[in-house]
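Report on the structure given below.
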Amino acid sequence: MGEPPGLQTATADEVARQVVALAVWAPSVHNTQPWWFRAAGQEISLHADTGRHLKIADPDGREMLISCGAALFTARLALRSLGYLPRTRLLPDPSEPALLARLSWPERAAATADELRLLREVRRRRTHRGGFDAVPLPPNLLAALREAVARDGATLRIVADDGRRAALSAAVQAAETAMRLDSARLRELADWAPEPGSPRRDGVPPTSYPARAEHTSPDFPGRDFAHGRGWGLPPFSSAAWPRTAGVVGLLTTAEDSPADWVQTGQALQRMLLTASTCGVAAALNSQPLELPWLRDYVRTQLSDNAYPQLVLRLGTVIQVAASVRRAPGDVLF
Ligand SMILES: Cc1cc2nc3c(=O)[nH]c(=O)nc-3n(C[C@H](O)[C@H](O)[C@H](O)COP(=O)(O)O)c2cc1C
């Protein structure tokens with residue numbers, strides 16, 4: 001492998017700009033993009049933007065830190081693509097809880113082919129909201145995903161047994177029903193569901209969810225972003241019916257501290273990008289994990305007492321969803 005291009009000329013400021021321009025494409029809960037970055041010499045620090053924290057859905061900031069962890073992984077991957085070996089100091093520091101990580105790049109090494117493959121998926125990957133085509137996942141993908149998340153200390157548990165799938169589906173349905181009856185939660189969700197044509201660069205736009213919910217058996221209902229207003233993408237005419245729920249799984253951790261949440265985010269993004277290299281998309285159904293009694297149910301009944309951090313479904317589907325992000329200049333200081 002030769003010397004990566006551009007290394008001699010990139011200033012620390014340019015590196016920081018390129019890193020953040022990619023990191024913003026990480027997934028985040030309700031596309032809140034709850035992060036900001038500070039560049040100082042050859043160091044970028046990652047901070048949680050607590051003004052973007054979902055106070056009702058996510059009172060402990062668990063999903064906020066998972067989102068930031070996904071941005072951290074993407075920032076590290078961006079440094080690799082520029083031919084640097086990132087050095088990561090993971091916080092949080094109890095005296096400064098919003099400061100999550102410091103990244104520096106003291107050494108060089110060209111990116112590997114695997115890293116470049118992940119990198120190509122950063123802008124292409126989209127969250128899927130609906131069912132999947134009835135085709136199996138590529139062989140060995142699940143093993144690769146298990147390995148991918150284990151690198152950051154998380155575990156991918158596939159919920160394959162029919163009874164357990166039904167129980168997890170029931171937990172998602174119960175959570176979704178409870179949320180649709182909770183006006184404070186609905187207001188918070190509406191704050192992150194911009195209307196069609198909105199110039200906003202955050203929140204979940206109607207270009208990223210179907211206007212008509214796609215049901216699967218068992219059913220994993222999505223969030224009600226449109227709230228009965230008919231927003232969303234029209235049905236995709238060549239979609240193969242009926243759709244399946246896909247391969248259902250849980251991303252879990254042995255402990256449940258803020259550091260575990262950041263690591264879960266890193267694991268999530270590595271997993272999503274790895275799946276995306278094989279044309280496999282993920283749908284996320286976090287609703288039951290936002291209600292303590294249902295999160296407890298999932299932990300004790302479906303994940304051997306490990307802490308569930310994400311409910312996800314994996315499958316193959318033609319995606320037409322489009323998302324938005326704030327400009328890097330809005331989050332880099
Ligand atoms: C911690 C976390 C929880 C999420 N939960 C859900 C969810 O319950 N339902 C959903 O449709 N998307 C969920 N998402 C996906 C985000 O809505 C999505 O990442 C964001 O809108 C940006 O879109 P993109 O992933 O297509 O780039 C979640 C993402 C994260 C990081």
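In each ligand, atom 1 is the first atom listed, and ligand 1 is the first ligand listed. Positions are given from 1, in the same order as the sequence printed here. Because the structure is predicted, anything quoted here is derived from the model rather than measured.
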- request: Pull out every atom of ligand 1 sitting under 4.0 Å from any heavy atom of Val204, numbered as shown with elements.
  value: 21 (O)
query: Hey, are Glu121 and Arg117 close enough for a salt bridge, meaning a charged N less than 4.0 Å from a carboxylate O?
result: no
- request: Could you tell me whether the side chain of Glu176 reaches within less than 4.5 Å of the side chain of Phe220, counting heavy atoms only?
  value: no
message: Are any of the N/O atoms on Glu63, whether in the backbone or the side chain, positioned under 3.5 angstrom from an N/O atom of ligand 1?
response: no
query: Is there a heavy atom of Ser67 sitting under 4.0 angstrom from any atom of ligand 1?
result: yes
From Thr127, Val324, Val29 - option closest to atom 18 (C) of ligand 1 by heavy atom: Thr127
task: Run the numbers for me: atoms of ligand 1, each under 4.0 Å from some heavy atom of His30, listed by number.
output: 17 (O)
message: So that I can tick it off, tell me whether Glu188 and Arg185 are bridged by a salt bridge, with the cut-off set at under 4.0 angstrom between side-chain N and carboxylate O.
response: no
statement: Looking only at non-hydrogen atoms, the one of Pro205, Ser28, Ala26, Ser323 nearest atom 16 (C) of ligand 1 is Ser28
field: From Pro27, Cys68, Ser286 - option closest to atom 4 (C) of ligand 1 by heavy atom
entry: Ser286
query: So among Arg295, Arg62, Arg223, which one has a salt bridge (charged side-chain N to carboxylate O under 4.0 Å, His left out) with Glu290?
result: Arg223
- line: Heavy-atom proximity to atom 11 (O) of ligand 1 ranks first, among Gln309, Arg125, Arg129, Arg62, for Arg129
- request: Under 4.0 Å, heavy atoms only, figure out whether ligand 1 is touched by the backbone of Leu284, its side chain, both or neither.
  value: both
- prompt: When rounded to the nearest 0.5 angstrom, what distance separates CH2 in Trp231 from OG in Ser198?
  reply: 9.0 Å
query: Is the NZ or CZ atom of Arg313 positioned over Phe132's six-membered ring, under 6.0 angstrom from the centre and within 45° of the axis?
result: no
task: Can you sort out which atoms of ligand 1 are near Arg126, meaning under 4.0 Å from one of its heavy atoms?
output: 24 (P), 26 (O), 27 (O)
Ion pair Asp202/Arg52, N-O distance below 4.0 Å: yes
- prompt: How does Arg223 reach ligand 1, by side chain, by backbone, by both or by neither, if only non-hydrogen atoms under 4.0 Å count?
  reply: side chain
task: Using the salt bridge (charged side-chain N to carboxylate O under 4.0 Å, His left out) rule, pick out the option among Arg87, Arg89, Arg38 that qualifies with Glu43.
output: Arg89
